[in-house]
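Computed from a predicted model, the values in this text were never measured in an experiment. The figures that follow rest on heavy atoms only: side chains count, while hydrogens, waters and symmetry mates do not.
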Amino acid sequence: MALEWEQIIVDSSDPIALGRWWAEALGWVVVDESEEIIEIRPEPDQMPGLLFVPVPEGKTSKNRLHPDFRPDDQEAEVARLLSLGARPADTVQDEQHWVTLLDPEGNEFCVLGERRS
């Protein structure tokens, strides 16, 4: 038996806005959108994707799962994401090789520095 990783579901108070934010942040494309949900992928036929769905409650604690991204230039990428509306997380980051940010709904993600050998 084989499993194909199709998508990760993201609960959201405003799925369309958050999905569009992540599509811009990642340079991905919208492959499905209705009044309530939006799905984005790296390319139309490439998986896995992210599916943003509505939930009535807001985020109340730290995510139990979050993505890490490794850009070519960490400083430039953090600046770009902040300009799109990300916010710095309230975490101590002394001497760490990553920066923890929050998306517009407060979901954590990390922007990693250069790979250490």
Side-chain angles (χ1 to χ4, degrees):
M1 179 190 307
L3 291 175
E4 182 179 8
W5 181 5
E6 185 158 329
Q7 60 200 6
I8 291 177
I9 308 302
V10 180
D11 293 344
S12 174
S13 61
D14 187 349
I16 304 303
L18 190 60
R20 288 184 181 172
W21 186 88
W22 274 105
E24 184 174 1
L26 296 171
W28 287 16
V29 296
V30 174
V31 296
D32 188 20
E33 182 175 346
S34 71
E35 289 183 20
E36 293 189 338
I37 63 106
I38 185 171
E39 181 181 0
I40 65 172
R41 295 183 188 165
E43 297 290 333
D45 296 326
Q46 184 182 352
M47 295 185 269
L50 296 172
L51 177 64
F52 298 82
V53 300
V55 293
E57 69 278 356
K59 184 174 178 293
T60 59
S61 64
K62 182 180 181 299
N63 292 6
R64 297 192 68 164
L65 173 74
H66 74 262
D68 288 349
F69 302 101
R70 189 176 307 276
D72 293 333
D73 182 335
Q74 180 191 42
E75 186 176 327
E77 189 61 21
V78 167
R80 184 184 76 85
L81 291 164
L82 291 171
S83 75
L84 292 176
R87 302 181 317 274
D90 294 330
T91 58
V92 177
Q93 295 184 235
D94 295 333
E95 298 186 37
Q96 294 177 353
H97 66 280
W98 65 86
V99 175
T100 304
L101 298 176
L102 305 174
D103 73 11
E105 289 197 12
N107 299 301
E108 297 91 1
F109 64 98
C110 293
V111 181
L112 306 176
E114 289 185 27
R115 192 175 301 276
R116 294 182 177 181
S117 47

Checking Arg70 against Arg115 for the side chain to side chain contact (heavy atoms under 4.5 Å, CB included) test, could you report, in this order, the C-alpha distance in whole Å, the side-chain angles of both residues, the deciding distance, and whether it holds? CA-CA 8 Å; Arg70 189 176 307 276; Arg115 192 175 301 276; 3.3 Å; yes
Quick one: closest heavy-atom pair of [X] and [Y], and the distance?
{"X": "Trp28", "Y": "Gly49", "answer": "CZ3-CA, 4.1 Å"}
{"X": "Phe109", "Y": "Leu102", "answer": "CE2-C, 3.8 Å"}
{"X": "Gly85", "Y": "Pro104", "answer": "O-CG, 4.3 Å"}
{"X": "Ser34", "Y": "Ile16", "answer": "O-CD1, 3.3 Å"}
{"X": "Glu43", "Y": "Val29", "answer": "C-CG2, 3.9 Å"}
{"X": "Pro88", "Y": "Leu82", "answer": "CD-CD2, 3.8 Å"}

Flag yes if more than 12 heavy atoms outside [X] fall under 6.0 Å of its [atom1] atom; otherwise flag no.
{"X": "Glu35", "atom1": "CD", "result": "no"}
{"X": "Gln7", "atom1": "CD", "result": "yes"}
{"X": "Gln46", "atom1": "CD", "result": "yes"}

Looking at Lys62 and Arg64, would you say the former's side chain and the latter's main chain have a donor-acceptor pair under 3.5 Å? no
Can you check whether [X] reaches [Y] side chain to side chain, under 4.5 Å on heavy atoms?
{"X": "Val10", "Y": "Leu51", "result": "no"}
{"X": "Asp68", "Y": "Cys110", "result": "yes"}
{"X": "Glu33", "Y": "Arg20", "result": "yes"}
{"X": "Pro42", "Y": "Leu26", "result": "no"}
{"X": "Pro71", "Y": "Val111", "result": "yes"}
{"X": "His66", "Y": "Asn107", "result": "no"}

Quiz question: by atom type and distance under 3.5 Å, do the side chains of Thr100 and Glu108 form a donor-acceptor pair?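 No, no side-chain donor-acceptor contact under 3.5 Å.
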With the 4.5 Å side-chain cut-off for hydrophobic clustering, are [X] and [Y] part of the same group?
{"X": "Val31", "Y": "Trp22", "result": "no"}
{"X": "Ile37", "Y": "Leu50", "result": "no"}
{"X": "Leu18", "Y": "Val55", "result": "no"}
{"X": "Phe52", "Y": "Leu65", "result": "no"}

Begin with the C-alpha distance, continue with both residues' side-chain angles, and end with the deciding distance and a verdict on side chain to side chain contact (heavy atoms under 4.5 Å, CB included) for Val53 and Asp11. CA-CA 5 Å; Val53 300; Asp11 293 344; 3.6 Å; yes
Look up atom CD1 in Ile38 and atom CG in Asp14, then write down how far apart they are to the nearest 0.5 Å. 10.0 Å
Can you measure from CE (Met47) to CZ (Arg41) and round to the nearest 0.5 angstrom? 5.5 Å
